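Below is one structure, written out as structure tokens; comments come after it.
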Amino acid sequence: MDSPSQASQNEEGQESHIAGPLLVDKLAEAGITPQDIKKLTEFGLHTVEAVAYTPKKALMTIKGISEQKADKILAEALKIIPLGFQSATEVHARRAELVHITSGSKNLDALLGGGIETGAITEFFGEFRTGKSQICHTLAVTCQLPVDMGGGEGKCLYIDTEGTFRPIRLLAVAERLGLNGEEVLDNVAYARAYNADHQNQLLTAASALMSESRFCLLIVDSATALYRTDYSGRGELSARQAHLGKFLRTLQRLADEFGIAVVITNQVMSNPDASAGPYMANEKKPVGGNILAHASTTRVQLKKGRGANRQAKIYDSPCLPESETQFAILSSGIGDPEEE
């Protein structure tokens, strides 16, 4: 039988689990000064989890945070957020409670093992006109549905790098799902990124928004477009990949910190490998190289089909089998081919 103190600790643990990430202000209880907490939030660290995940050398780059202060801040953060080993049973139990967000297509949801997984990065890549942006527009609405209807009961953050965001598409999806159009648009926080540095800075702003309100989805459409124009040629390849790696690491940190689903789209390039033979000449490779390949949890390849139909194939995943399916781009968002 649990003692009263253990019972209260369990209740606190459950409350903190339900409440989500702990705001960085909690460190004040551990003796961290308000001035230092303000410096952490200005640096983009709005939660105790964010502080715990940050390397010591990154904390030391903040003006006014010495090595001694960085050690103390990290030590206090790690007391609140345990980052040690745990049993596979605990991990399995936690994963069983993961929320999946519906894509609007039953076929695509089945391919993804129930929908878009929260706490992970899902990448959709393909040529133009394969449905990447349409999937993003549909998800921006379906994520607002109740959990029992395949949603995440949260808001959506949408970072657009190609200027393809159209609110009218959100209204069409909302009408199909029986949701209030005005409320749906109010629940989508939109930002247009104009260069690779700006794209990175928007994630800091996203972190601040997530610490104030409940978000369950972050969309970046597309993650690589600006990198292809801001960095050109082999001479800048190393700098491009380093910058892209940092951006993707921040995305994964946000997914871990807030338990949100992260969806990114990616462009493709022609495979210049002529030795592959005539039958492989049209095979397209996703942009971003190994950096992006390792960062994405699940990669889905999209191809054009007949009419409004499109093909989706699991390209890489830690737990999903390599299989493919068909979905359709309808006037009311993403659906299944037989719907029209």
Side-chain angles (χ1 to χ4, degrees), residues 9 12-84 118-119 121 154-160 186-220 242-262:
Q9 280 176 355
E12 279 174 27
Q14 284 171 353
E15 278 174 25
S16 66
H17 178 70
I18 294 162
L22 299 166
L23 294 180
V24 75
D25 298 341
K26 180 115 179 124
L27 289 173
E29 296 171 19
I32 308 299
T33 64
Q35 291 86 350
D36 288 341
I37 288 172
K38 190 183 175 190
K39 286 170 190 169
L40 292 172
T41 53
E42 284 171 357
F43 187 66
L45 304 174
H46 297 273
T47 65
V48 181
E49 284 87 348
V51 175
Y53 299 155
T54 304
K56 181 177 156 185
K57 68 173 185 178
L59 288 180
M60 286 167 62
T61 61
I62 304 170
K63 192 177 179 184
I65 302 285
S66 62
E67 185 175 356
Q68 195 177 355
K69 269 188 188 176
D71 282 334
K72 189 187 176 189
I73 290 168
L74 277 175
E76 296 302 337
L78 291 171
K79 281 180 192 172
I80 301 168
I81 309 295
L83 297 181
T118 50
I121 298 176
K155 298 179 182 179
C156 169
L157 274 158
Y158 200 116
I159 297 174
D160 177 18
D186 283 342
N187 287 336
V188 177
Y190 168 80
R192 174 79 195 272
Y194 292 98
N195 58 59
D197 288 332
H198 183 216
Q199 188 173 319
N200 223 345
Q201 286 159 13
L202 284 172
L203 292 189
T204 306
S207 175
L209 281 170
M210 286 181 209
S211 62
E212 292 165 10
S213 186
R214 179 176 161 74
F215 284 84
C216 66
L217 176 66
L218 169 61
I219 294 169
V220 186
H243 198 292
L244 180 60
K246 192 177 174 188
F247 174 75
L248 294 166
R249 166 123 182 238
T250 310
L251 277 181
Q252 185 59 62
R253 198 198 78 198
L254 290 174
D256 293 336
E257 192 182 329
F258 296 99
I260 58 162
V262 176

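Everything quoted here is computed from the prediction, not taken from an experiment. Numbering starts at 1 and runs along the sequence shown. All values below come from the heavy atoms of this structure, side chains included, with hydrogens, waters and symmetry mates left out.
Residues Thr47 and Pro21 approach most closely at CG2-CB, 3.9 Å, considering heavy atoms. Here the closest heavy-atom approach between residue Ala196 and residue His243 is recorded as O-CE1, 3.5 Å. Across all non-hydrogen atoms, the minimal contact from Thr118 to Cys216 is CG2-O, 4.5 Å. Across all non-hydrogen atoms, the minimal contact from Ser207 to Leu254 is CB-CD2, 3.8 Å.
Annotation: side chain of Phe43 is not in contact with side chain of Ile65 (no heavy-atom distance under 4.5 Å). When side chains are defined from C-beta on, Val24 does not count as touching His46, because their heavy atoms never get closer than 4.5 Å.
Annotation: side chain to side chain contact (heavy atoms under 4.5 Å, CB included) contacts of Ala206 (sequence neighbours excluded): Leu157, Met210. For Thr204, the side-chain hydrogen bond (donor to acceptor under 3.5 Å, both in side chains) criterion is met by no residue, not counting sequence neighbours. With sequence neighbours left out, the salt bridge (Lys or Arg N to Asp or Glu O under 4.0 Å) criterion links Arg192 to no other residue. With sequence neighbours excluded, the residues satisfying side chain to side chain contact (heavy atoms under 4.5 Å, CB included) with Ser213 are Lys155, Phe215. In this view, Asn187 and Gln144 satisfy the side-chain hydrogen bond (donor to acceptor under 3.5 Å, both in side chains) rule, not counting sequence neighbours. Annotation: salt bridge (Lys or Arg N to Asp or Glu O under 4.0 Å) contacts of Asp36 (sequence neighbours excluded): Lys39, Lys69. Partners of Lys246 under the side chain to side chain contact (heavy atoms under 4.5 Å, CB included) rule, at least two apart in sequence or in another chain, are Asn200. Every residue meeting the side chain to side chain contact (heavy atoms under 4.5 Å, CB included) condition with Ala193, not counting sequence neighbours, appears here in chain and number order: Ile159, Thr161, His198, Gln199, Leu202, Leu226. Shown here are the side-chain hydrogen bond (donor to acceptor under 3.5 Å, both in side chains) partners of Asn195, two or more places apart in sequence or in another chain: there are none. When the side-chain hydrogen bond (donor to acceptor under 3.5 Å, both in side chains) test is applied to Glu49, no partner is found at least two apart in sequence or on another chain. Lys26 pairs by the salt bridge (Lys or Arg N to Asp or Glu O under 4.0 Å) definition with Glu29, not counting sequence neighbours.
Under the 3.5 Å distance criterion, with hydrogens and angles disregarded, a donor-acceptor pair is assigned to the side chains of Gln252 and Asp256.
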Validation: residues 51-62 side-chain donor-acceptor distances under 3.5 Å, sequence neighbours left out:
residue	atom	partner	partner atom	Å
Thr54	OG1	Ala50	O	2.5
Lys56	NZ	Glu67	OE2	3.0
Lys56	NZ	Asp71	OD1	3.1
Thr61	OG1	Ala58	O	2.5

